[in-house]
A.B. asks: 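Below you'll find the structure I mean.
Chain identifiers are assigned alphabetically (A, B, ...) following the order of the sequence lines, protein sequences preceding nucleic acid strands; residue numbering begins at 1 within each chain.
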2 protein chains.
Amino acid sequence: MAMKNNTKFAILGILSIAPGSGYDIKKYCDTVIANVWHENYGHIYPVLTSLLAEGVIRRQEEEQEEGSRRKIYEITQKGREEFITWLGEPAGYAPVRSEFMLKFLFSSSLPRENILQMISEYRVRHQRKYDELVQTQKDLEADYFIISADRKQYLKAALRFGIISSEAAIKWCGEAAGIFENK
Amino acid sequence: MAMKNNTKFAILGILSIAPGSGYDIKKYCDTVIANVWHENYGHIYPVLTSLLAEGVIRRQEEEQEEGSRRKIYEITQKGREEFITWLGEPAGYAPVRSEFMLKFLFSSSLPRENILQMISEYRVRHQRKYDELVQTQKDLEADYFIISADRKQYLKAALRFGIISSEAAIKWCGEAAGIFENK
DNA sequence: GTATCCATGTAACCAGTTACATGATTGC
DNA sequence: GCAATCATGTAACTGGTTACATGGATAC
């Protein structure tokens, strides 16, 4: 199962909301959905080229001001169809590979304080992420961003996903630190 | 930051507990630490070869019964040193890429029942994982496996990590389903 | 006038996956 | 006698990362 061709569908999904450039797609990933998805320029641009060749996206030539370097793409009918098909398929899952947990698992040769330090850093990272997400949630609630009520609902749910996950990580840190503190 | 060379350190970590073959390493990944780590044969064997060339592991020639195909490796002093250094470095984190959340985010064009179905499948998957981990925890508690008290402590903590994460996912599913049920 | 953001791309690289190949041993 | 497990490996592939290159526009 694993994961393949996800960048294709991430791009189709983003373009299904609104047409945009490679740069726009990257920005969308880094802001709106950073919480659950990630892409690089080095992958977006070549994939855009291949999606164009496949005919699932097309250049939106109209309404471009002269001299603009921006290349705006929009999803085609074929693209929408393939996207809907993909949506209907069960999500593949990537096998877990947590570098932090790998380190933690084999950290018995480290002094107690170092292990506590490791856990503390991990907690701080998740606490920061948590705070960030809560802030974004407030901004979203306060209609700081201009999006449809429908879209907002999905983004809110995705934010909750991140918040709940961060809470879980923080909870684990508390438990794990407890083991090493009382010895 | 991202993640590089993790297989090297996963192998060194596993061999730091006890010498073993490529097959043993794979089995260890699939059972004991499946919860937080994953490896393929197609990667383990070539990496073992390169680790041998680097001198961080060595063949344990002694005590092998005749005609055995098993190749037992053990970590060298150099390997232990590199492993300790790696342990001391802060863990890199892989940017989140949840195929499920990607689908969910853009699923607004799907009928309500399909979205509920998606969420339900996701919940079932995590519930199953949760049940499995709780069972493993019981087996571990009942000294079903032969491991040192020290090792047990780390494995228990890693199990808790999986259990807490599954609980979080299940919690999210409850919330998300709620959004679509009451409309 | 300089830093930051906008904007697009390529090339080299690498980690990891999948599929294939082979064969011995053990348990039923 | 057959299936499952033990056991090791290679080759082709692919998805994604990193580094490099370039240059215009905007803000301070």
Side-chain angles (χ1 to χ4, degrees), chain A residues 1-12 14-15 19-31 34 37-54 57 59-61 64-73 86 92-99 102, chain B residues 1-12 14-15 19-31 34 37-54 57 59-61 64-73 86 92-99 102:
Chain A
M1 189 165 289
M3 308 233 281
K4 49 168 185 180
N5 248 352
N6 275 327
T7 298
K8 169 176 176 173
F9 296 105
I11 291 177
L12 289 182
I14 295 167
L15 294 182
S21 64
Y23 192 83
D24 293 337
I25 290 165
K26 172 66 170 156
K27 207 166 54 180
Y28 195 87
C29 290
D30 288 351
T31 54
W37 200 254
H38 175 263
E39 289 295 346
N40 299 310
Y41 284 124
H43 205 210
I44 291 172
Y45 287 114
V47 171
L48 278 172
T49 308
S50 67
L51 295 185
L52 209 51
E54 274 184 61
I57 62 171
R59 279 292 294 281
Q60 192 194 56
E61 320 257 352
Q64 281 301 306
E65 337 75 89
E66 309 285 299
S68 169
R69 281 161 304 156
R70 281 163 62 74
K71 292 187 180 179
I72 309 293
Y73 300 95
W86 174 81
Y93 82 103
V96 189
R97 285 188 123 220
S98 161
E99 193 179 310
L102 185 65
Chain B
M1 189 163 289
M3 307 232 281
K4 49 170 180 176
N5 249 351
N6 276 326
T7 299
K8 168 176 176 174
F9 295 104
I11 291 177
L12 289 182
I14 295 166
L15 294 183
S21 64
Y23 192 85
D24 293 336
I25 291 165
K26 171 66 170 157
K27 207 166 55 180
Y28 194 88
C29 291
D30 288 351
T31 54
W37 201 253
H38 175 263
E39 291 294 345
N40 298 309
Y41 284 124
H43 205 211
I44 291 172
Y45 288 115
V47 172
L48 278 173
T49 308
S50 67
L51 295 185
L52 209 50
E54 275 185 59
I57 61 171
R59 280 291 295 281
Q60 190 195 58
E61 321 255 352
Q64 281 301 305
E65 336 77 88
E66 308 285 298
S68 169
R69 280 162 303 156
R70 281 163 62 74
K71 291 188 182 178
I72 309 293
Y73 300 94
W86 174 80
Y93 83 103
V96 189
R97 285 188 122 220
S98 161
E99 193 179 313
L102 185 67

A.B. asks: Please state how far atom OH in Tyr45(A) lies from atom P in dA7(C), giving the value in whole angstrom units.
C.D. replies: 9 Å
A.B. asks: Atom CG of Leu52(A) and atom C1' of dG9(C): how far apart are they, to the nearest Å?
C.D. replies: 15 Å
A.B. asks: Contact class for Gly42(A) (heavy atom, under 4.0 Å): base, sugar-phosphate, or nothing?
C.D. replies: base
A.B. asks: Rounding to a whole Å, what distance do you find between Lys27(B):NZ and dT8(D):P?
C.D. replies: 10 Å
A.B. asks: Can a side chain N or O of Arg69(A) be found less than 4.0 Å away from OP1 or OP2 on dT8(C)?
C.D. replies: no
A.B. asks: Does a side-chain N or O of Tyr23(A) approach OP1 or OP2 of dT8(C) to a distance below 4.0 Å, or not?
C.D. replies: no
A.B. asks: Need to verify one output field. Residue with the more 5' nearest nucleotide on DNA chain D, Thr7(A) or Pro46(B)?
C.D. replies: Pro46(B)
A.B. asks: Rounded to whole Å, how long is the line connecting atom NE2 of His43(B) with atom C1' of dC14(C)?
C.D. replies: 8 Å
A.B. asks: Look at the side chain of Gln60(A) and the backbone N and O of Ile72(A), then say whether any donor-acceptor pair between them is shorter than 3.5 Å.
C.D. replies: no
A.B. asks: Both Asp24(B) and Thr49(B) contact DNA chain D. Which one's nearest nucleotide lies toward the 5' end?
C.D. replies: Asp24(B)
A.B. asks: Whole angstroms only, please: what is the CG-P distance between Asn6(A) and dG16(D)?
C.D. replies: 6 Å
A.B. asks: Evaluate side-chain contact (heavy atoms from CB on, under 4.5 Å) for Asp24(B) paired with Arg70(B), printing each intermediate quantity in order.
C.D. replies: CA-CA 10 Å; Asp24(B) 293 336; Arg70(B) 281 163 62 74; 3.0 Å; yes
A.B. asks: Run the side-chain contact (heavy atoms from CB on, under 4.5 Å) test on Tyr73(A) and Arg59(A) for me, step by step, so that the C-alpha distance in whole Å, both residues' side-chain angles and the decisive distance to 0.1 Å come before the verdict.
C.D. replies: CA-CA 5 Å; Tyr73(A) 300 95; Arg59(A) 279 292 294 281; 3.5 Å; yes
A.B. asks: What is the distance from CD of Glu39(A) to C1' of dG16(D), rounded to the nearest Å?
C.D. replies: 9 Å
A.B. asks: Specify the separation, in whole Å, of atom CD1 of Ile11(A) and atom C1' of dT8(C).
C.D. replies: 14 Å
A.B. asks: Within the structure provided, determine whether Trp86(A) and Asn6(A) are in side-chain contact (heavy-atom separation under 4.5 Å).
C.D. replies: yes
A.B. asks: Let me know the distance between NE2 of His38(B) and P of dA15(C), rounded to the nearest Å.
C.D. replies: 17 Å
